[in-house]
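First comes the structure, then the notes that go with it.
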Amino acid sequence: MNIHEYQAKGILEKYGVTIQKGIVADTPEEATEAAKKLNKETGTEWYVLKAQIHAGGRGKGKVKETDSNGVVLAKSLEDVAPKSKAILGGTLVTHQTGEEGKLVSKLLVAQDVYYPGEHEPKEYYVGILLDRAKGCNVIMASTEGGVDIEDVAENTPDKIIKEWIDPRVGLQGFQARKVAFKLGLEGDAFKNMVKFIHSLYTAYDATDSSMFEINPVLKTSDNKILAVDAKVNLDDSALYRHKDLADMRDKSEEDPAEVEAAESGLNYVKLDGNVGCMVNGAGLAMATMDIIKLSGGDPANFLDVGGSANAETVEAGFRIILKDPKVEAILINIFGGIVRCDRVAKGVVEAYKNIGDIKVPIIVRLQGTNAEEGAKIIEDSGLKVTSAIVLKDAALRVKEALA
Ligand code: GDP
Ligand code: MN
């Protein structure tokens with residue numbers, strides 16, 4: 001699950017990670033109030049206004065309606081309201097949102113931390129994520145902060161420092177020092193970075209996160225180390241033990257079909273193709289998507305209805321798939337192990353009748369317990385549903401349906 005920058009910074013602060021301070025606002029008036037408060041607390045006279053959407057690249061992104069960037073600097077208190085107005089309620093388009101962009105309904109008003117001083121402020125990158133191949137967490141850091149880290153990783157991979165953490169002992173002091181040293185830091189900045197990395201790792205670990213990306217981490221002109229941006233990805237499977245974090249979910253940022261699917265207990269991921277599919281079991285779903293590709297189609301989604309598909313789950317799955325206007329055919333591929341095929345077939349027929357007026361062809365492939373009975377129920381129903389028992393057959397039917 002993704003969360004907003006202001007929420008992520010709240011988590012970081014709780015674990016002692018030093019951050020660029022900010023206050024979230026819903027209106028230009030609230031933004032001005034927030035700026036006043038920041039001025040009192042931190043003494044700052046410049047304010048950074050940051051659109052809160054679940055996508056990066058906001059600094060270079062543009063609000064469609066006003067041409068404002070998604071991250072702007074206000075150099076006075078009077079400047080805050082008009083500049084906030086140009087972002088709030090607008091549609092922000094960044095290289096991560098797609099052309100349609102994202103509606104901005106919250107703004108983070110933050111203190112300016114790029115103030116001049118003894119040294120030039122410098123941006124770094126620090127990330128923590130799970131290295132699945134090595135089976136442990138890895139801390140990644142780079143002196144090339146601020147810019148797209150994907151480009152750095154691709155073009156100059158030697159500029160990415162990696163430190164793997166042994167899960168049996170956790171992050172060791174020498175490892176944090178090694179990272180700070182390789183970043184070329186000295187004196188107070190070095191000490192602050194070591195502390196920063198330790199607190200960051202504690203936060204990552206304690207929240208069961210699957211990714212932290214702090215880009216940029218800023219070394220200020222007076223050698224403080226601060227998280228200026230924060231992208232946090234929480235592990236959905238661990239949310240049951242973090243109710244406070246689960247409550248941070250912002251459904252308006254998520255695909256509505258995916259939200260509906262989650263509420264019906266379905267595993268659904270929206271894709272761009274023209275063949276909807278409904279399958280039980282994630283492995284079979286992956287294989288089914290391959291078969292759709294081989295038959296000349298493109299999967300419109302990944303949908304795993306789970307091991308205990310019944311009429312209700314089948315109907316919920318149908319409804320979600322049918323909402324996608326790109327869908328030209330639906331392939332239902334169920335292996336009857338625990339669930340019996342005749343029951344699924346009844347579910348399909350019932351759901352079909354309940355929804356009514358389904359215009360796209362439906363191909364059902366049932367295999368396993370009571371497969372023959374299932375196929376018969378479908379054929380006898382008189383509905384525009386084609387049944388297939390062998391997967392190859394099903395693929396052929398999909399091909400015919402698309403022709
Ligand atoms: P992103 O574009 O969505 O990744 O948003 P960031 O939070 O990373 O901010 C984008 C850019 O805004 C940063 O790389 C900085 O250059 C700039 N920025 C952020 N905070 C400040 C600040 O306090 N002062 C100034 N002058 N610039 C800032
Ligand atoms: Mn950033």
Side-chain angles (χ1 to χ4, degrees), residues 2-13 17-25 31 34-35 38-39 41-63 68-77 79-80 83-84 86-87 90-98 101-104 106-117 119-129 140-153 200 211-233 253:
N2 286 322
I3 56 176
H4 287 293
E5 175 195 1
Y6 77 92
Q7 297 168 318
K9 281 179 165 170
I11 294 175
L12 296 186
E13 199 170 28
V17 182
T18 40
I19 59 161
Q20 171 194 43
K21 292 227 187 284
I23 299 169
V24 73
L38 282 174
N39 170 263
E41 282 172 15
T42 67
T44 188
E45 286 177 357
W46 288 10
Y47 311 92
V48 192
L49 310 174
K50 312 181 79 178
Q52 298 298 287
I53 56 167
H54 284 191
R58 296 163 300 164
K60 288 189 186 132
K62 289 264 183 192
V63 176
S68 164
N69 290 113
V71 176
V72 300
L73 194 60
K75 296 190 179 178
S76 72
L77 209 50
D79 226 15
V80 172
K83 285 196 166 157
S84 300
I87 302 175
T91 315
L92 180 57
V93 180
T94 81
H95 68 95
Q96 287 185 5
T97 61
K102 286 204 159 184
L103 177 72
V104 184
K106 283 187 188 304
L107 198 67
L108 180 64
V109 183
Q111 62 172 150
D112 166 44
V113 286
Y114 288 60
Y115 45 81
H119 313 273
E120 269 295 295
K122 162 133 185 68
E123 295 179 326
Y124 298 85
Y125 169 93
V126 179
I128 308 177
L129 53 104
M140 301 212 285
S142 177
T143 52
E144 308 304 298
V147 289
D148 271 334
I149 201 69
E150 288 84 2
D151 293 345
V152 181
L200 195 68
M211 194 197 64
F212 267 22
E213 191 173 82
I214 315 299
N215 190 28
V217 171
L218 187 75
K219 181 181 78 164
T220 63
S221 60
D222 50 355
N223 283 328
K224 290 195 185 91
I225 299 291
L226 303 177
V228 167
D229 193 3
K231 184 171 174 193
V232 163
N233 193 272
E253 288 282 338

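Quick caveat: nothing in here was measured; it's all calculated off a predicted structure. Counting convention: from 1, in listed order, for ligands and their atoms alike.
Using modelled atom types, one side-chain atom of Q52 and one backbone atom of Y6 make a donor-acceptor pair closer than 3.5 Å. Judged by distance alone, with hydrogens and angles left aside, the side-chain atoms of K122 form a donor-acceptor pair with the main-chain N or O of T143 at under 3.5 Å. Under the 3.5 Å distance criterion, the side-chain polar atoms of N2 are left unmatched by any main-chain donor or acceptor of N233. Without hydrogens or angle criteria, Q96 side chain to A55 main chain gives no donor-acceptor distance under 3.5 Å. The main-chain N or O of K62 is never found under 3.5 Å from a side-chain atom of N69 such that the two would form a donor-acceptor pair.
When each of H4, Q20, K21 is paired with K9, the side chain to side chain contact (heavy atoms under 4.5 Å, CB included) condition holds for Q20 and for no other.
Every protein residue with a heavy atom nearer than 4.0 Å to ligand 1 is included here: Q20, V48, K50, G56, G57, R58, G59, V71, L73, Q111, D112, V113, Y114, E123, N215, P216, V228, D229.
No more than 12 heavy-atom neighbours from other residues, nucleotides or ligands sit within 6.0 angstrom of CD on E45.
Between L12 and I214, the closest heavy-atom pair is CD1-CD1, 3.9 Å.
Side-chain atoms of N215 and D229, non-hydrogen and from C-beta on, never get closer than 4.5 Å to each other.
Each protein N, O or S atom less than 2.8 Å from the Mn ion (ligand 2) was counted, giving 2.
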